[in-house]
Visitor: 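One structure is given below, represented as structure tokens, and several questions about it will come after.
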Number of protein chains: 2
Amino acid sequence: MPNKKLLLQIDFRSGLPIYTQIVNQVQAQVAGSVLKPGDQLPTVRALAEELRINFNTVARAYRILDEARIISTQQGRGTYITEIPPPKVTERLRRESLEALTQRYISEAMRLEFSKDEINEMVRNQLKAWKASAQANQNE
Amino acid sequence: MPNKKLLLQIDFRSGLPIYTQIVNQVQAQVAGSVLKPGDQLPTVRALAEELRINFNTVARAYRILDEARIISTQQGRGTYITEIPPPKVTERLRRESLEALTQRYISEAMRLEFSKDEINEMVRNQLKAWKASAQANQNE
DNA sequence: TGTGTAATTGTACTAATTGTATCATTGTCA
DNA sequence: TGACAATGATACAATTAGTACAATTACACA
């Protein structure tokens with residue numbers, strides 16, 4: 001199934017920068033669940049062509065959205081809507097999602113025959129050392 | 001006896017390149033003795049088909065693993081887990097694998113805006129309550 | 001048993017697609 | 001006019017895909 005087409009309405013006379021309009025509208029569509037986690041956005045070039053603007057302008061919008069953790073851009077691959085915690089999940093749902101996440105993690109670690117102590121130790125250490133920026137380059 | 005099937009879980013939106021995900025997971029399974037010396041890995045084409053990716057992507061992952069002496073690829077024959085990996089390497093692998101796994105977990109949890117305390121607490125509780133049998137088939 | 005041919009496997013090189021970085025140009029406004 | 005923000009042009013880097021090829025193995029058949 002082809003990607004849902006991203007529908008944006010740019011007003012070139014509105015006084016608002018184009019990239020801001022893109023940011024706002026994507027943000028709005030995410031908030032309104034028109035765009036859902038995992039959805040792929042058009043490539044910078046495709047969207048630029050459709051809107052008849054320079055692809056750098058799209059890239060700029062995407063960069064801002066990426067920094068706001070709303071989308072995830074991956075060089076050579078594409079850009080995707082990230083998982084956003086629903087603003088009003090109940091505490092119970094929140095807890096359950098952490099439970100599920102943790103269970104998958106522990107299950108996997110145990111399958112690889114790490115001991116409980118090793119796991120606990122590793123979690124404690126990494127939590128201590130955690131920096132939000134480290135999320136970007138977790139691949140080495 | 002047919003080959004044990006290599007079980008890999010690729011997340012196309014994780015931000016990690018596919019080949020890196022393959023490397024990490026094979027590495028982890030070697031470290032955790034899920035894959036043992038002499039085990040044959042799927043052919044580049046077979047694994048590629050299963051994961052619905054290009055076989056060159058698998059080949060790239062295999063090349064990296066080969067350079068790290070974790071596997072041995074042989075043109076025309078197949079790829080195998082290296083015999084007698086030095087204990088030093090194994091230990092380092094084990095550590096790195098758990099590190100990578102844990103980082104992914106924490107990164108995900110933090111993105112869902114759980115606090116360090118919440119995460120730590122959840123891990124400790126689940127570890128305490130862990131029953132291997134209960135988790136047998138929770139990975140899908 | 002030997003040998004030729006096809007099948008299977010990994011390799012090498014290249015192309016295509018994607019986002020990134022840097023600087024130039026344009027336009028607005030004090 | 002000068003400064004600054006927005007946009008555009010160009011070159012680049014990372015990832016994945018396409019194609020041809022080489023090494024090895026399997027197997028039919030003389």
Side-chain angles (χ1 to χ4, degrees), chain A residues 2-3 5-6 8 10-26 38-82 133 135-140, chain B residues 2-3 6 8 10-26 38-82:
Chain A
N3 290 334
K5 189 164 157 206
L6 180 62
L8 295 185
I10 300 302
D11 180 352
F12 292 93
R13 292 164 307 216
S14 73
L16 279 177
I18 298 171
Y19 70 88
T20 304
Q21 296 185 48
I22 297 174
V23 168
N24 288 345
Q25 293 187 38
V26 168
D39 281 356
Q40 179 166 19
L41 293 177
T43 69
V44 289
R45 285 170 178 82
L47 183 55
E49 182 176 9
E50 188 185 317
L51 301 179
R52 325 258 188 160
I53 59 180
N54 189 276
F55 73 83
N56 282 294
T57 303
V58 178
R60 181 168 178 180
Y62 280 9
R63 182 159 45 79
I64 291 172
L65 288 163
D66 186 283
E67 283 163 1
R69 310 290 173 116
I70 291 170
I71 67 178
S72 157
T73 67
Q74 300 161 37
Q75 183 167 357
R77 310 218 4 229
T79 78
Y80 302 84
I81 305 290
T82 54
S133 60
Q135 190 173 12
N137 52 2
Q138 54 176 281
N139 43 339
E140 48 258 335
Chain B
N3 290 335
L6 180 61
L8 295 185
I10 301 301
D11 179 353
F12 292 91
R13 301 181 280 265
S14 74
L16 288 175
I18 296 171
Y19 70 87
T20 304
Q21 295 184 47
I22 297 174
V23 168
N24 286 347
Q25 293 187 39
V26 169
D39 280 358
Q40 178 166 19
L41 293 177
T43 69
V44 289
R45 284 171 179 81
L47 183 54
E49 182 176 10
E50 187 186 318
L51 301 179
R52 323 254 191 158
I53 60 181
N54 189 277
F55 72 84
N56 281 296
T57 303
V58 177
R60 181 170 179 178
Y62 280 9
R63 182 159 46 77
I64 292 171
L65 288 163
D66 186 283
E67 283 163 1
R69 311 290 177 101
I70 292 168
I71 67 178
S72 158
T73 65
Q74 299 160 38
Q75 185 167 352
R77 313 236 347 254
T79 78
Y80 302 83
I81 304 293
T82 309

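This structure is a prediction, so every number in the text was calculated from the model and none was measured. Here is how names work: the chains are called A, B, and so on, in the same order as the sequence lines, proteins then strands, and each is numbered from 1.
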Visitor: Starting at CD of Glu49(B), measure out to CG of Asn54(B) and round the result to the nearest 0.5 Å.
Guide: 12.5 Å
Visitor: Across nucleotides 15-22 of chain C, 5' to 3', mark each nucleotide with B, S or - according to how protein heavy atoms within less than 4.0 Å reach it.
Guide: ---BBBB-
Visitor: With rounding to the nearest 0.5 Å, note down the distance linking CG in Asp39(A) to OG1 in Thr79(A).
Guide: 10.5 Å
Visitor: What string of B, S and - do you get for nucleotides 25-30 of chain C 5' to 3' if you count protein non-hydrogen atoms under 4.0 Å?
Guide: ------
Visitor: Over how many whole Å does the gap from Arg52(A) atom CZ to dA9(D) atom P extend?
Guide: 15 Å
Visitor: Can you tell me how far C1' of dA14(D) sits from CG of Asn54(B), to the nearest Å?
Guide: 15 Å
Visitor: Got Ile53(A) and Phe12(A) here, is their nearest side-chain heavy-atom distance under 4.5 Å?
Guide: yes
Visitor: Measure from CZ on Arg60(B) to P on dG18(D) and round the result to the nearest Å.
Guide: 16 Å
Visitor: Expressed in angstrom and rounded to an integer, what is the separation of Ile53(B) atom CD1 from dA17(D) atom P?
Guide: 7 Å
Visitor: Answer yes or no: is there a side-chain heavy-atom contact under 4.5 Å between Tyr62(B) and Pro42(B)?
Guide: yes
Visitor: Tell me: CD of Glu49(B) to C1' of dA17(D), nearest whole Å?
Guide: 16 Å
Visitor: Quick one: Tyr80(A) OH to dT15(D) C1', roughly how many Å, whole number?
Guide: 11 Å
Visitor: OP1, OP2 of dA17(D) versus side-chain N and O of Thr57(B): anything below 4.0 Å?
Guide: yes
Visitor: CD of Gln74(B): more than 12 outside heavy atoms within 6.0 angstrom?
Guide: yes
Visitor: Does the side chain of Arg77(A) reach to within under 4.5 Å of the side chain of Ile18(B), using non-hydrogen atoms?
Guide: yes
Visitor: From Ile10(A) CD1 over to Ile22(A) CD1, what is the distance, rounded to the nearest 0.5 angstrom?
Guide: 5.0 Å
Visitor: What is the distance, to the nearest angstrom, from the CG atom on Leu16(B) to the P atom on dT16(D)?
Guide: 10 Å
Visitor: How many angstroms lie between CG in Leu47(A) and CG in Leu41(A), if you round to the nearest 0.5 Å?
Guide: 8.5 Å
Visitor: Give a yes/no answer on whether the side chain of Tyr19(A) brings an N or O atom under 4.0 Å of OP1 or OP2 in dA6(D).
Guide: yes
Visitor: Quick check for you: to the nearest 0.5 Å, what is the distance between Leu6(B) atom CG and Gln40(B) atom CD?
Guide: 11.5 Å
